[in-house]
Trainee: 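What follows is a single structure, and I will ask about it in a moment.
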Amino acid sequence: MVSANREMVVYCFDTLMAHYNNEEAPPPAFDEGQHPLFVTWKKVINGGEPRLRGCIGTLEARCIVNGFRDYALTSALRDRRFPPIQAKELPSLECTVSILTNYETARDYLDWEVGKHGIIIEFTDPDYNTRRSATYLPEVAAHEGWTTVEAIDSLIRKAGYSGTITGQLRKSIQLTRYQSTLFTMPYSEYAAYVKTTRGIAPTINGAKP
């Protein structure tokens with residue numbers, strides 16, 4: 001099984017750097033493979049806890065080299081919840097890559113563990129008779145301090161449902177649980193890694209190095 005690692009995060013930073021510098025990113029230092037994956041960007045402000053700045057990925061298996069290249073940019077520039085990340089923000093960023101594994105169909109909406117499983121929910125909106133779905137990665141519910149029910153209710157809202165959340169609605173959910181490996185690195189570690197391995201510190205057009 002492929003696990004998330006340092007080189008994958010480096011490649012995501014390289015890809016975003018190359019976008020701002022209008023150049024080609026160096027080739028990745030990890031092997032090809034087919035896996036579902038996510039790229040998450042967070043920003044550290046005034047030394048506080050990192051705040052989400054973008055998170056997009058795919059629940060379907062795809063080539064991880066192309067996947068990390070595409071989602072490094074998509075999550076940084078086209079997450080509709082946030083304005084695009086600017087070059088000057090790079091020194092304040094940290095990047096997390098996630099490789100998703102062990103997909104299982106749960107018995108019901110409670111058949112998963114906070115901190116262990118990511119979850120995908122699917123249900124029919126009773127007001128509009130449309131299918132809705134959404135996912136949280138394994139670390140989200142634990143980070144927010146949610147119970148299983150609180151996480152489910154938040155995910156129902158994330159899926160776009162605005163009506164009353166009833167026990168009947170929760171019981172109608174089809175839930176898939178999964179696990180993940182992840183690796184997180186702040187820009188400062190990325191810059192030090194690049195300087196050590198390539199002999200030159202990264203430079204950003206339009207930002208202080």
Side-chain angles (χ1 to χ4, degrees), residues 1-101 118 135-140 142-143 180-209:
M1 185 188 79
V2 175
S3 295
N5 59 49
R6 180 188 310 273
E7 284 68 32
M8 294 172 183
V9 182
V10 168
Y11 186 55
C12 289
F13 268 117
D14 280 346
T15 299
L16 192 55
M17 291 277 292
H19 167 76
Y20 293 124
N21 291 338
N22 197 27
E23 59 192 19
E24 289 289 319
F30 56 90
D31 295 331
E32 292 275 3
Q34 298 275 338
H35 279 281
L37 56 93
F38 272 74
V39 178
T40 302
W41 298 101
K42 291 186 177 182
K43 183 178 180 180
V44 178
I45 301 173
N46 297 327
E49 185 177 350
R51 297 180 185 177
L52 185 63
R53 206 50 191 82
C55 178
I56 295 179
T58 174
L59 298 169
E60 304 291 333
R62 64 167 297 181
C63 168
I64 58 175
V65 172
N66 293 340
F68 281 127
R69 182 189 65 212
D70 293 348
Y71 289 110
L73 294 177
T74 303
S75 59
L77 306 173
R78 292 186 286 277
D79 187 326
R80 290 177 293 180
R81 296 171 294 177
F82 306 99
I85 292 174
Q86 299 179 39
K88 65 183 180 182
E89 297 179 77
L90 265 165
S92 302
L93 294 182
E94 70 172 32
C95 180
T96 298
V97 298
S98 302
I99 298 280
L100 311 188
T101 61
T135 189
Y136 278 144
L137 296 173
E139 59 271 22
V140 173
H143 179 266
S180 72
T181 62
L182 58 134
F183 197 98
T184 300
M185 180 190 292
Y187 178 84
S188 58
E189 286 185 24
Y190 161 74
Y193 177 90
V194 168
K195 189 170 184 179
T196 299
T197 58
R198 302 175 191 166
I200 185 170
T203 57
I204 313 163
N205 289 342
K208 295 178 182 178

Trainee: Looking at every non-hydrogen atom in both residues, tell me the closest pair between R81 and C55 and how far apart they are.
Mentor: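 Shortest heavy-atom separation between R81 and C55 comes out as NH2-O, 3.3 Å.
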
Trainee: To the nearest 0.5 angstrom, please state how far the CG atom of L100 sits from the CG atom of L137.
Mentor: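 Here the interatomic distance stands at 6.5 Å.
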
Trainee: Identify the two heavy atoms, one from I99 and one from L37, that lie closest to each other, and give their separation to 0.1 Å.
Mentor: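 Heavy-atom minimum between the residues: CD1-CB, 4.5 Å.
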
Trainee: Side chains of F30 and R6: does their closest heavy-atom pair fall under 4.5 Å?
Mentor: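 Heavy-atom side-chain distance check fails, nothing below 4.5 Å.
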
Trainee: Looking only at heavy atoms, what is the nearest atom pair of Y11 and V65, with distance?
Mentor: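 Minimum heavy-atom separation between Y11 and V65: CE2-O, 3.5 Å.
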
Trainee: For residues 41-66, pull every pair meeting ring-ring contact (aromatic ring centres under 6.0 Å, His included), keeping only residues two or more places apart or in separate chains.
Mentor: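 Passing the test, one end in residues 41-66: F13-W41.
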
Trainee: Grab the two heavy atoms, one from R62 and one from G67, that are nearest each other, plus how far apart they are.
Mentor: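 Heavy atoms only, the tightest pair is NE-CA, 3.7 Å.
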
Trainee: Answer whether the closest heavy-atom distance between the side chains of V10 and P26 falls below 4.5 Å.
Mentor: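 A side-chain contact under 4.5 Å is absent here.
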
Trainee: Answer with yes or no after comparing the ring centroid distance for Y187 and Y190 against a 6.0 Å cut-off, counting only values under it.
Mentor: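 Ring centres of Y190 and Y187 closer than 6.0 Å.
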
Trainee: Do I85 and Y20 have side chains that get closer than 4.5 Å, going by heavy atoms?
Mentor: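 Of all side-chain heavy-atom pairs linking Y20 with I85, at least one is under 4.5 Å.
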
Trainee: Look up atom CG in D70 and atom OG1 in T15, then write down how far apart they are to the nearest 0.5 Å.
Mentor: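 Output value for this atom pair is 9.0 Å.
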
Trainee: Compare every heavy atom of Q34 with every heavy atom of C63, then report the nearest pair and how far apart it is.
Mentor: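 Looks like N-OE1, 3.3 Å.
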
Trainee: Show the numbers, then the answer: is there a side-chain contact (heavy atoms from CB on, under 4.5 Å) between L90 and M17?
Mentor: CA-CA 8 Å; L90 265 165; M17 291 277 292; 3.7 Å; yes

Trainee: I want to check something: taking the side chain as every heavy atom from C-beta on, are F38 and T135 in contact at a cut-off of under 4.5 Å?
Mentor: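 Touching, per the 4.5 Å side-chain cut-off.
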
Trainee: If you count the non-hydrogen atoms of other residues, nucleotides and ligands that lie under 6.0 Å from CD in E24, is the total more than 12?
Mentor: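 No, CD of E24 has 12 or fewer neighbouring heavy atoms, counting only those of other groups under 6.0 Å.
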
Trainee: Are more than 12 heavy atoms from other residues, nucleotides or ligands located less than 6.0 Å from atom CZ of R51?
Mentor: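 Counting other residues, nucleotides and ligands, CZ of R51 stays at 12 neighbours or fewer.
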
Trainee: Just verifying a value: how many Å separate Y193 OH and D14 CG, rounded to the nearest 0.5 Å?
Mentor: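 Nearest 0.5 Å value for the OH-CG distance: 9.0 Å.
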
Trainee: Do side-chain atoms of R53 reach the backbone of T40 as a donor and acceptor pair under 3.5 angstrom?
Mentor: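 Not at all, since once roles are kept as given, no pair shorter than 3.5 Å links the two residues.
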
Trainee: Which value, rounded to the nearest 0.5 Å, describes the distance between E32 atom CD and N66 atom CG?
Mentor: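 It comes to 6.5 Å.
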
Trainee: Using a 4.5 Å cut-off on heavy atoms from C-beta on, say whether the side chain of Y71 contacts that of T58.
Mentor: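 A side-chain contact exists here, since the closest heavy-atom pair is under 4.5 Å.
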
Trainee: Given side chains that start at C-beta, do those of M8 and N5 come closer than 4.5 Å, heavy atoms only?
Mentor: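 Yes, side chains in contact.
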
Trainee: Identify the residue among V39, L73, N21 that makes a side-chain contact (heavy atoms from CB on, under 4.5 Å) with L16.
Mentor: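 Looking at V39, L73, N21, the match for L16 under the side-chain contact (heavy atoms from CB on, under 4.5 Å) is L73.
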
Trainee: Can you give me the closest heavy-atom contact between S180 and T101, atom names plus distance?
Mentor: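 For S180 and T101, the tightest heavy-atom pair comes out as N-OG1, 4.2 Å.
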
Trainee: Could you tell me whether the side chain of T184 reaches within less than 4.5 Å of the side chain of E94, counting heavy atoms only?
Mentor: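 Contact flag for E94/T184 side chains = yes.
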
